[in-house]
**Student:** 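Mind looking over this structure? Questions follow.
In listed order, ligands and their atoms are each counted from 1.
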Amino acid sequence: MGRAILSSPPFYPILIIGKVPEDLGQRLAQVGPVTYLDRNESLSEDEIIAAACKAHVILTEPPDRITPRVIEACPNLVMIAQRAVGYDNIDLQDCQARPILVSNTPGVLDNATADFAFALLLAAGRRVVEADNYVRSGQWLGFENDLLLGTEMTGSTIGIVGMGRIGSAMARRARGFGMRIVYCRAADSGAQIKDSDIVLDEKDHKWREELGAERMSMTSVLQQSDYVSLHCPHNKQTEKLIGAREFGLMKPNCIFVNTARGKVVDEDALCAAIAGGKIRGAGLDVFYHEPLVSDVLLKAPNVVLAPHIGSASEETRYAMAESAVNAVISAFAGKVPHNALNKEIFERWQEHK
Ligand code: GLV
């Protein structure tokens, strides 16, 4: 049986990578002594190992790569609390075996991320960044009827790739702008999948009723949309999901938005689509080799760029940290955190830790 350590002296050293609000960091002291490792740049494996080799718990974020080598070099590690919904920086497979409990922060960042995806969509569609540069650089001489013409939202079609919590929050925003909504889910993405293969479930019926949203194959979504927004996780199945074939299916006026993960997109194919004028533009918050951004994208005026800040509202970043801290406190008090990614190991974990 695991110990209910809230009544025992703090025992489990905790490493927080990156920033966490002070009051939340202090709450963790009931589990164990807390050290902080702040960073402006991604840390190397060796830097993470040097800081984490004695820790029992680490609080991580997307740039912190917890590889099999890191796990191997941190023998005390029993829990990783990721402050993000995506967790492709953590080798979950390896954590199962040890066992290391892993949690993420689903649910608390849906609205902030959908807001930002919609901001990128609007900014690229209505050329907000180009307009700002135009005024600041002194090029504006007076009103012109055809100056910086963009595309309309109302009456256009948005295609949502990945209709989970964030995708459906995006769809609700699109509905408010009078857009037609089409979407695909994980099972709909193979080139061979046809619309007629898709069997609708309860959620699809709900979204149709609530938003008029139509589920179809990814091929049809890409062919029909004026805006395509990615909202699927990055994993082995979705690595480079959007490549040359997929950009080739998009309409020439399509604006492509990615707030999911850079690795879901073949960035060379995206650059080719932008450089060749195959799509109208893009709004990008995430990149394949983050924080490096391809030169083509940096130079393209029709691409709006952001530094992975999709969930970065004050309220949401606090809620994400709180969700991670609560997961740690709950696990060490003997309760399965609702946001544990590998709940099935909890019993074994309690004995082992
Ligand atoms: C942010 O990138 C997240 O996955 O929450």
**Student:** Going by side chain to side chain donor-acceptor pair (under 3.5 Å), name the residues that satisfy it together with Asn76, two or more places apart in sequence or in a different chain.
**Tutor:**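 None.
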**Student:** Of the side chain and backbone of Val286, name the one, both, or neither that has a heavy atom under 4.0 Å from an atom of ligand 1.
**Tutor:**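 Looking at Val286 and ligand 1, no heavy atom falls under 4.0 Å.
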**Student:** In terms of atom number and element, which parts of ligand 1 are under 4.0 angstrom from non-hydrogen atoms of Leu109?
**Tutor:**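 Listed by number with element, the hits are 5 (O).
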**Student:** Ring centroids only, cut at 6.0 angstrom: are Tyr227 and Phe256 within range, meaning strictly under it?
**Tutor:**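 That pair fails the under 6.0 Å test.
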**Student:** Can you tell me if Arg261 has a non-hydrogen atom under 4.0 Å from ligand 1?
**Tutor:**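 Per 4.0 Å heavy-atom rule, Arg261 contacts ligand 1.
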**Student:** Pair Phe332, Phe11 - check ring-ring contact (aromatic ring centres under 6.0 Å, His included), show working.
**Tutor:** CA-CA 10 Å; Phe332 284 89; Phe11 180 70; 9.5 Å; no
**Student:** From the options Arg65, Arg261, Gln82, select the one residue that forms a side-chain hydrogen bond (donor to acceptor under 3.5 Å, both in side chains) with Asn89.
**Tutor:**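 Checked Arg65, Arg261, Gln82 against Asn89; only one passes side-chain hydrogen bond (donor to acceptor under 3.5 Å, both in side chains): Gln82.
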**Student:** For atom 2 (O) of ligand 1, what is the nearest protein heavy atom, given as residue, atom name and distance?
**Tutor:**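 Going by distance alone, atom 2 (O) of ligand 1 is nearest to His308 NE2, 2.6 Å.
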**Student:** Looking only at distances, can you tell me whether any N or O atom of Gly86, backbone or side chain, sits closer than 3.5 Å to an N or O atom of ligand 1?
**Tutor:**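 Yes, Gly86 has an N/O under 3.5 Å of an N/O on ligand 1.
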**Student:** Ligand 1 and Val85, any nitrogen or oxygen pair closer than 3.5 angstrom?
**Tutor:**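 The answer is yes, given that Val85 and ligand 1 share an N or O pair closer than 3.5 Å.
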**Student:** Quick one: is the NZ or CZ of Lys240 closer than 6.0 Å to the six-membered ring centre of Tyr288, and within 45° of its axis?
**Tutor:**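 Yes; both conditions hold, so Lys240 lies above the ring face of Tyr288.
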